[in-house]
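Have a look at the structure below, then the notes.
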2 protein chains.
Amino acid sequence: MGGTEAGQEGRPRPAAGLAHRVPDLGAMELLLAVARLGSLGGAARELGITQPAASSRIRSMERQLGVALVDRSPRGSRLTDAGALVTDWARRIMEAAEAFDAGAQALRDRRDSRLRVAASMTIAEYLLPGWLVALRTQLPDTAVSLLAGNSAAVAERLLAGEADLGFVEGVSVPTGLDSAVIGHDRLIVVTAPGHPWARRGRPLEAAELAATPLILREKGSGTRQVLDAALGGLARPLIELSSTTAVKAAAVGGAGPSVLSELAVGEELTTRRLVSVPVADVVLARDLRAVWPTGHRPTGPARQLLSLTRA
Amino acid sequence: MGGTEAGQEGRPRPAAGLAHRVPDLGAMELLLAVARLGSLGGAARELGITQPAASSRIRSMERQLGVALVDRSPRGSRLTDAGALVTDWARRIMEAAEAFDAGAQALRDRRDSRLRVAASMTIAEYLLPGWLVALRTQLPDTAVSLLAGNSAAVAERLLAGEADLGFVEGVSVPTGLDSAVIGHDRLIVVTAPGHPWARRGRPLEAAELAATPLILREKGSGTRQVLDAALGGLARPLIELSSTTAVKAAAVGGAGPSVLSELAVGEELTTRRLVSVPVADVVLARDLRAVWPTGHRPTGPARQLLSLTRA
DNA sequence: ATGAGGGCATAAGCTGGAGTTATGGGCAGG
DNA sequence: CCTGCCCATAACTCCAGCTTATGCCCTCAT
């Protein structure tokens, strides 16, 4: 028994076991239903399970967290104060899960979909799932398919008639396509709040930025290319990491300043885990564009998605 | 068998069953490990499970999503393009889960904790979990406890010596406490991108806002109170809903304009599911403050947390 | 060329958690 | 007082995920 126990002396354990400390998505969904409906039985009915199942599931979630979440009474259940908080936090997980679901569904629905989207990686990663969630509220029964690739691949799909609408980032628009600017991907300089740059009065000079070792993605990544171009190939790495998340984690931990896409650090900025440092004389911006074959203005679901993406 | 099947004629199904369409957190954690390490076996070792378990779990995730995620070869596994995308989306869920975990742990760790925080609901809901995650990277072994309540309760705890640091929002600071402004909770007017207000040239006048029916939280909610005060008790409801999420969903769906805390809609704004409408002559802002008993300037972990929260 | 090693897959068996049905006890309102 | 809604407990079932035991594939160094 417990065969797992063998040999865990100096296990690294970076953030491992999170899944064991956090209730699973089903339990959270149930908790949200209880919060909304004010009754275990009601929530159970809504999710298509029985009342005892709901009762036991909530109870084991309370055991796992070590916190009482609901006040049960003979005429209903209400959240405790702690329960309300936990429910709010759970809601944010479920929102991320909804975006995941919308995206995953689009990756799968190849052929028979009514709206075929081709998008560059950055957009597909950060923006598209949110758009799809929004679109779903407007057109619940429209199947969407997604193909992610670089600008050239997006153009190819559109011109071959294999996609209805495309999204690319960058300075130039592939030939044969019309486009509309829908936003900007700005690279920003960020540091942990404790770093000296977080309190400087005047904006950072480009030369200063180029002279300072930064936490960066590896050479070859899109972000790195834009930065190198803007600085004239001068970006000086303090550490090179292979994922945006790793870079963010290092920056949050105070290892040094970094340059990241605004899209990647929205959450960190609003919670002040990272602070944006104004930069004086470099513009690190790329346009985000919706694209379609010249002349074939988007119609139907494509038009609807397009209108979601710009003001 | 399959007793669940009974009687589901006109089931409401608002967004039900999400948990069945999305892999569970353990599977995502595994996927992230595979992405990072480039091998199923390696990921398995890191999570303390066996290689066949990892293999089968990834495979069933691929079945569930209907998408191939990893390219298995006799010398390792790499993510497919779709897999990279899915992994990025999963990472966002895991980040939310990490915040959840940090918060939940603080709710539980009552007595023996080294840093006891008291916070108002808005801050505890939106900001604190992120701070705790950041703090964890700096002080991994510091137990933190959290007590959430209104301003009066926060003050009481601090003055009784039962909390080391507090956070409140609002215009006045409770007596007996020193404070530092760490941010602002601004209410902003938002609409779906398709709404006429999303394209107006000039900012909205207060009178115009007061005259337009809005999607709002129910009377008595904090947000509603601030809005009513700023407008002179005039806010006119189009729909009244009992949770911020419901309000957001209605606004995203295009039901009408709404007024929400900036903190609540960060994600929706960056993905352009909602658009912020500038307002001319009303300031809907409250300060967010860190507070502590007069004279007892925070030290140790409390000081560290405080420095995380402000620039 | 050949054996060692890392990596993945398949097969068979075990276990625990989540689900089910069945039943009982509190509290409100006609 | 009884009907209805709410929740809890008990006993049983079932499956997802785990383990161990094997085997095949490929690469690299001897």
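Per chain, numbering begins at 1; letters A, B, ... match sequence-line order.
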Exercise for the section: Would you kindly give the CG-to-P distance between D24(B) and dG16(C), to the nearest whole Å? Expected result: 19 Å
Handout entry: Spacing between I49(B) atom CD1 and dT19(D) atom P, to the nearest angstrom
Key = 6 Å
Practice task
Would you classify T50(B) as touching base, sugar-phosphate or nothing, given that sugar-phosphate means primed atoms plus P, OP1 and OP2, and contacts are heavy atoms under 4.0 Å?
Solution key: base
Exercise for the section: Would you indicate whether the side-chain heavy atoms of Q105(A) and V144(A) approach each other to under 4.5 Å? Expected result: no
Exercise for the section: Return each pair, listed once, that meets side-chain hydrogen bond (donor to acceptor under 3.5 Å, both in side chains) where at least one residue sits in residues 82-92 of chain A; pairs must be two or more places apart or across chains. Expected result: D88(A)-R91(A), R91(A)-T245(B)
Problem - Any V34(B) side-chain heavy atom under 4.5 Å of S39(B) side chain - result: no
Completion exercise
Whole-Å distance, L40(A) CG to dA18(C) P, equals 16 Å
Practice task
Measure the distance from CE on M28(A) to P on dA18(C) and round it to the nearest whole Å.
Solution key: 13 Å
Handout entry: Strand-adjacent residues in residues 71-80 of chain B, judged by heavy atoms under 4.0 Å from DNA chain D
Key = P74(B), R75(B)
Exercise for the section: Could you name each residue pair satisfying side-chain hydrogen bond (donor to acceptor under 3.5 Å, both in side chains) that touches residues 67-76 of chain B, not counting sequence neighbours? Expected result: E62(B)-R72(B)
Exercise for the section: Please round to the nearest 0.5 Å and tell me the distance separating atom CG of L32(A) and atom CG of L79(A). Expected result: 9.5 Å
Practice task
Write out all pairs satisfying salt bridge (Lys or Arg N to Asp or Glu O under 4.0 Å) with one or both partners inside residues 47-60 of chain B, taking only residues at least two apart or from two chains.
Solution key: D24(B)-R57(B)
Handout entry: Nearest-neighbour nucleotide for the R45(B) side chain, dG7(C), dA18(C), dT20(C) considered
Key = dG7(C)
Exercise for the section: In whole angstrom, give the distance that lies between atom CG of L30(A) and atom P of dC7(D). Expected result: 11 Å
Exercise for the section: Could you check how far CD of Q51(B) sits from P of dT10(C), rounded to whole Å? Expected result: 11 Å
Problem - Interatomic spacing from CG in L214(B) to OG in S258(B) - rounded to 0.5 Å - result: 7.0 Å
Practice task
Grab the CG-P distance between L47(B) and dG17(D) for me, whole Å please.
Solution key: 14 Å
Problem - Listed nucleotide nearest any side-chain atom of S39(B), set dC7(D), dG19(C), dC8(C) - result: dC8(C)
Exercise for the section: May I ask you to list the residues of residues 52-65 of chain B, by number, that have any heavy atom positioned under 4.0 Å from an atom of DNA chain C? Expected result: P52(B), S55(B), R59(B)
Problem - Carboxylate-amine/guanidinium proximity below 4.0 Å for E268(B) and K248(B) - result: yes
Exercise for the section: Would you mind reading off the distance between E46(A) atom CD and dC6(D) atom P, rounded to a whole angstrom? Expected result: 14 Å
Practice task
Sorted by first residue and then second, give each salt bridge (Lys or Arg N to Asp or Glu O under 4.0 Å) pair with at least one member in residues 78-87 of chain B; sequence neighbours left out.
Solution key: none
